[in-house]
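Remember, it's 1-based here, ligands and their atoms both numbered in the order they're listed. What's counted below: heavy atoms across the whole structure, side chains too, no hydrogens, waters or symmetry copies. For the single chain, residues carry numbers from 1 onward in sequence order. Bear in mind that the values here come from a model prediction, so they are computed numbers and not experimental data.
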Amino acid sequence: MKKHNFYAGPSILPQVTIEETAKAVINFAGTGLSIMEISHRSKEVIAVMDETVALFKELLNIPEGYKVLFLGGGASTQFLMVPYNLLNGKAAYLVTGGWASKAAKEAKNFGEVIEIASSKDKNYNYIPRGWKVPSDVDYLHITTNNTLYGTEIREDFDVNVPLVADMSSDIFSRPVDISKYALIYGGAQKNLAPAGITFVIVREDMLGKLNRHIPTMMDYRTHIEADSMFNTPPVLPLFAALQTLKWLKANGGLKAMEKVNLEKAKLLYDEIERNKLFKCTIPDPKDRSIMNICFVMNDNYKDLEDAFMDFAKSKGMIGIKGHRSTGGFRASTYNALPKESVQALVDCMKEFEQIKS
Ligand SMILES: *Cc1c(COP(=O)(O)O)cnc(C)c1O
């Protein structure tokens, strides 16, 4: 039976990424060696790094003055690298979920953290609006897509201070105006590559402005100087990321991605609204993520949760269990998830409704 992969992360990748990476595991770039056993200083791996950086810049339309880095450590290491490099006195955090809250917690080790707004009062089911950023903070940190709760900021904010964004789970899902950001980071395992590699886009003039001693590995300038080869980068995930970027380009780039992502999200949200058994956990449609779609059983049908889970499994749906903090279901609809998979889930919800009424 066909499997429909709705995992939140690590998550579905384009089939071509998996196939090309599998080939490179056996014989990489005609070297007769596996990508797992070749020096990262070889000309073949350096070419992969250069091409990945170039395509990253091209697809996201990254202006002059920014550097693109590929590091280890995951997005969680960026929670501390960001304040290590940028936080002098005070920083502002918009707390829209579990990851945002973890990022703010790390920053507290480096300076004063001002939570300008939080949606914790309603289990993070909305994006706070109408907040103001104090003009004397070093930066504002936001999490554009809240993977656990299913809310998303799909606009590039205009703010009066440098803007830093965790885009782990929605990078490449839409065109982004990079010039509005001072720094963007993310783990690649949601929309780009297998786990193990982290991307950082940083405006170079943000760096070198504070007096703190920064340990070598934590200093962005170390990795800029070494073209992300100060230490051994995660070579295989880097190769896989390049295959995904090529796939993105071949499929029309980010405008085309956004169009399909909006269609997929509409298909599923419309069914959640229509189907009497289910309801969406995010009340305001403009806050709803197009990457992680969260829903629960409707009030009169709560006892059907396990039954629907089993039914969905029997139809090939994988990874739709909601995060433990929200319960219910979460369908992640990343770039690589085909529309047919969303349609299959919708059909499954319709069929279940018919059986139960
Ligand atoms: C998954 C995720 C993280 C954590 O990423 P790691 O690479 O596992 O550290 C951080 N932020 C967001 C928004 C995420 O979705």
Side-chain angles (χ1 to χ4, degrees), residues 5-13 69-84 93-107 109 118-120 123-128 139-157 163-174 176 181 183-201 217-218 223 228 233-234 236-238 240-241 244 261 281-282 287-294 319 321-326 330-337:
N5 181 356
F6 293 97
Y7 273 126
S11 36
I12 189 164
L13 291 169
L69 303 174
F70 294 104
L71 311 173
S76 301
T77 301
Q78 295 309 308
F79 296 168
L80 75 113
M81 260 178 102
V82 165
Y84 234 136
Y93 278 72
L94 181 63
V95 181
T96 50
W99 295 118
S101 148
K102 282 186 174 157
K105 181 166 174 261
E106 278 306 301
N109 295 313
S118 165
S119 45
K120 190 164 188 220
N123 201 27
Y124 300 116
N125 75 355
Y126 68 103
I127 300 289
Y139 60 86
L140 166 67
H141 180 284
I142 62 172
T143 308
T144 49
N145 185 60
N146 299 287
T147 324
L148 313 182
Y149 300 90
T151 61
E152 188 175 17
I153 299 166
R154 243 169 330 103
E155 63 192 289
D156 302 310
F157 288 143
L163 183 60
V164 174
D166 174 357
M167 293 198 184
S168 291
S169 52
D170 62 350
I171 189 79
F172 294 117
S173 66
R174 64 172 177 97
V176 171
Y181 298 84
L183 191 149
I184 297 170
Y185 67 86
Q189 69 273 22
K190 311 278 164 57
N191 219 1
L192 187 62
I197 197 158
T198 314
F199 62 86
V200 177
I201 305 164
M217 272 297 284
M218 291 290 107
H223 302 287
S228 300
L236 187 141
L238 179 74
T244 303
N261 287 331
T281 53
I282 310 302
D287 292 342
R288 290 177 184 168
S289 172
I290 62 169
M291 294 279 98
N292 311 99
I293 297 175
C294 296
K321 193 171 170 51
H323 188 260
R324 60 186 179 281
S325 53
T326 55
R330 170 177 53 178
S332 297
T333 51
Y334 295 121
N335 286 343
L337 185 85

Could you check whether T151 and N146, counting side-chain N and O atoms only, form a donor-acceptor pair closer than 3.5 Å?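 Present: a donor and an acceptor within the cut-off.
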So which bit of [X] gets within less than 4.0 Å of ligand 1, heavy atoms only: side chain, backbone, both or neither?
X	answer
S168	side chain
Y185	neither
K102	neither
N145	backbone

What is the nearest protein non-hydrogen atom to [atom], stated with its residue, atom name and distance?
atom	result
atom 2 (C) of ligand 1	K190 NZ, 2.6 Å
atom 15 (O) of ligand 1	T147 OG1, 2.4 Å
atom 9 (O) of ligand 1	S76 OG, 2.6 Å
atom 5 (O) of ligand 1	A75 CB, 3.5 Å
atom 11 (N) of ligand 1	D166 OD2, 2.6 Å

I need the single residue from T147, N292, N191, N5 that forms a side chain to side chain donor-acceptor pair (under 3.5 Å) with S332. Which is it?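 In the set T147, N292, N191, N5, the residue that makes a side chain to side chain donor-acceptor pair (under 3.5 Å) with S332 is N292.
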Would you mind listing which atoms of ligand 1 come within a distance below 4.0 Å of any non-hydrogen atom of [X]?
X	result
Q189	5 (O), 6 (P), 7 (O), 8 (O)
T143	13 (C)
G74	7 (O), 9 (O)
S169	15 (O)
F79	10 (C)

Looking at side-chain heavy atoms only, is the closest gap between [X] and [Y] below 4.5 Å?
X	Y	value
Y185	L69	no
Y181	D156	yes
Q78	L71	yes

In Å and rounded to the nearest 0.5 Å, what is the NE2 to CE distance from H223 to M81?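 Answer for the NE2-CE pair, H223 versus M81, is 4.5 Å.
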Show your working on side chain to side chain donor-acceptor pair (under 3.5 Å) between N261 and S173 and close with a plain yes or no. CA-CA 7 Å; N261 287 331; S173 66; 4.9 Å; no
May I have the step-by-step check of side-chain contact (heavy atoms from CB on, under 4.5 Å) for N335 and T244, ending in yes or no? CA-CA 10 Å; N335 286 343; T244 303; over 6 Å; no
Students often mix this up, so state it plainly: with edges at 30° and 60°, are the rings of F79 and W99 parallel, tilted or perpendicular?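 Rings of F79 and W99: tilted, 30 to 60°.
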Under 3.5 Å, is there a donor-acceptor pair between the side chain of T96 and the main chain of I142?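 No.
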Under 3.5 Å between any N/O of G73 and any N/O of ligand 1: does that happen in this structure?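 Between G73 and ligand 1, no N or O pair is found under 3.5 Å apart.
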